[in-house]
Amino acid sequence: MSITVVGSIAYDTVKTPFGQRERMLGGAAVHFALAASFFDEVRIVGPVGEDFGEAQLEVLRRRDVDVSDVERVAGGKTFFWQGEYGWDLNSRETLDTQLGVFEGFAPKLSERSRASDVLFLANIQPDLQREVRAQLPQARFVALDSMNLWIDIARDSLVSAIESVDCVILNDGELRQLTGKANLVSAAREVLSWGSPSDERSGPRVIVAKQGAYGAALITRESFFALPAYPLETVIDPTGAGDTFAGGFVGYVAAHPEEELSDELLRRAMAHATVLASFNVEEFGTERVERLSGHEIVARISELHAMTQFSGAPLALRG
Ligand code: AMP
């Protein structure tokens, strides 16, 4: 089957303690699509301006991403984002955001994009996320990402968008901000309670709380699971790590259409998400993931598996 993703396709200017890049290929939907393309066919939906190059589209095509719903707006300028990271890469300052062609964007999905069984609503205005969600009413699995900006200025619309998806993937700080709950587990449980009380199947069933360099937690109505980030000695640029993580997670779920959304499946998806994100941060922008191979992913999954296992050997404790 296939995955449709809607979100930003961007030029990013990024400065980290290890160097800088001007107007490199970026955007939440791009990072997501490259990661998810290891698991299933991906259809990317979003606008670009006249300044968007063929070479950038070719990066997506080389990973077999369907770019036919990338809308080139005549006379328009591609979304631009500029950010700078602090010395330990944990803090990031946004220096500039130019919406460009995103201003006035009305998503037009082709029949092919509407036929996907999995949908990812990358971080965009929640009204747009709801519009796209409504165009894929039959999707088997729908996930959403967002950011502090929309919690600040469009919270009601974001809550409605969340109520219409199966899975919410947010930074832990954003989950706290969204719910006003300081405790992460309580915050996730609150979001899991959203949706229609009379319909057990409505509202999100899966919450993923990303914790940057510390890893990520998975909270469902029945269970909790967490993984550390894959330990790297050299991190060059964390831009897009969250979207790459989402691409690994959603991609893995999409690649298993016959399996029910069990805890076991979701835990394997968490491992693949963690590994994909770890490659993304090793170089600037999309550079590392562009030349990543399936073998490298498999090898790192088995390392992550080895380093997160322990035996539950019973011990008669004193006292
Ligand atoms: P992440 O590091 O996972 O938060 O994602 C960073 C990516 O999101 C960059 O490639 C940016 O182009 C894109 N981005 C930054 N701000 C926004 C925004 N307000 N709306 C949509 N995409 C954004």
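In each ligand, atom 1 is the first atom listed, and ligand 1 is the first ligand listed.
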Name all residues meeting the ring-ring contact (aromatic ring centres under 6.0 Å, His included) criterion together with Phe284; count only those two or more places apart in sequence or in a different chain, and write none if there are none. none
Check: Ala28 main-chain N/O paired with Ser8 side-chain donor or acceptor under 3.5 Å: yes
Can you list the residues that meet the salt bridge (charged side-chain N to carboxylate O under 4.0 Å, His left out) rule with Glu283, with sequence neighbours excluded? Arg291
Taking only residues two or more places apart in sequence, or in another chain, which ones meet Phe52 in a ring-ring contact (aromatic ring centres under 6.0 Å, His included)? Tyr11
Tabulate distances under 3.5 Å between N/O atoms of ligand 1 and N/O atoms of the protein, writing both atom names on each line.
residue  : atom   : partner : partner atom : Å
ligand 1 : 2 (O)  : Arg92   : NH1          : 2.9
ligand 1 : 2 (O)  : Gly240  : N            : 2.7
ligand 1 : 3 (O)  : Gly242  : N            : 3.3
ligand 1 : 3 (O)  : Asp243  : OD2          : 3.0
ligand 1 : 4 (O)  : Arg92   : NH2          : 3.0
ligand 1 : 5 (O)  : Asp243  : OD2          : 2.9
ligand 1 : 10 (O) : Asp12   : OD2          : 2.5
ligand 1 : 10 (O) : Gly27   : N            : 2.7
ligand 1 : 12 (O) : Asp12   : OD1          : 2.7
ligand 1 : 12 (O) : Asp12   : OD2          : 3.4
ligand 1 : 12 (O) : Gly27   : N            : 3.4
ligand 1 : 22 (N) : Ser8    : OG           : 2.8

Determine, for Lys210 against Glu174, whether the closest basic-nitrogen to carboxylate-oxygen distance falls under 4.0 angstrom. no
Under 3.5 Å side-chain donor-acceptor pair for Asn123 and Ser146: no
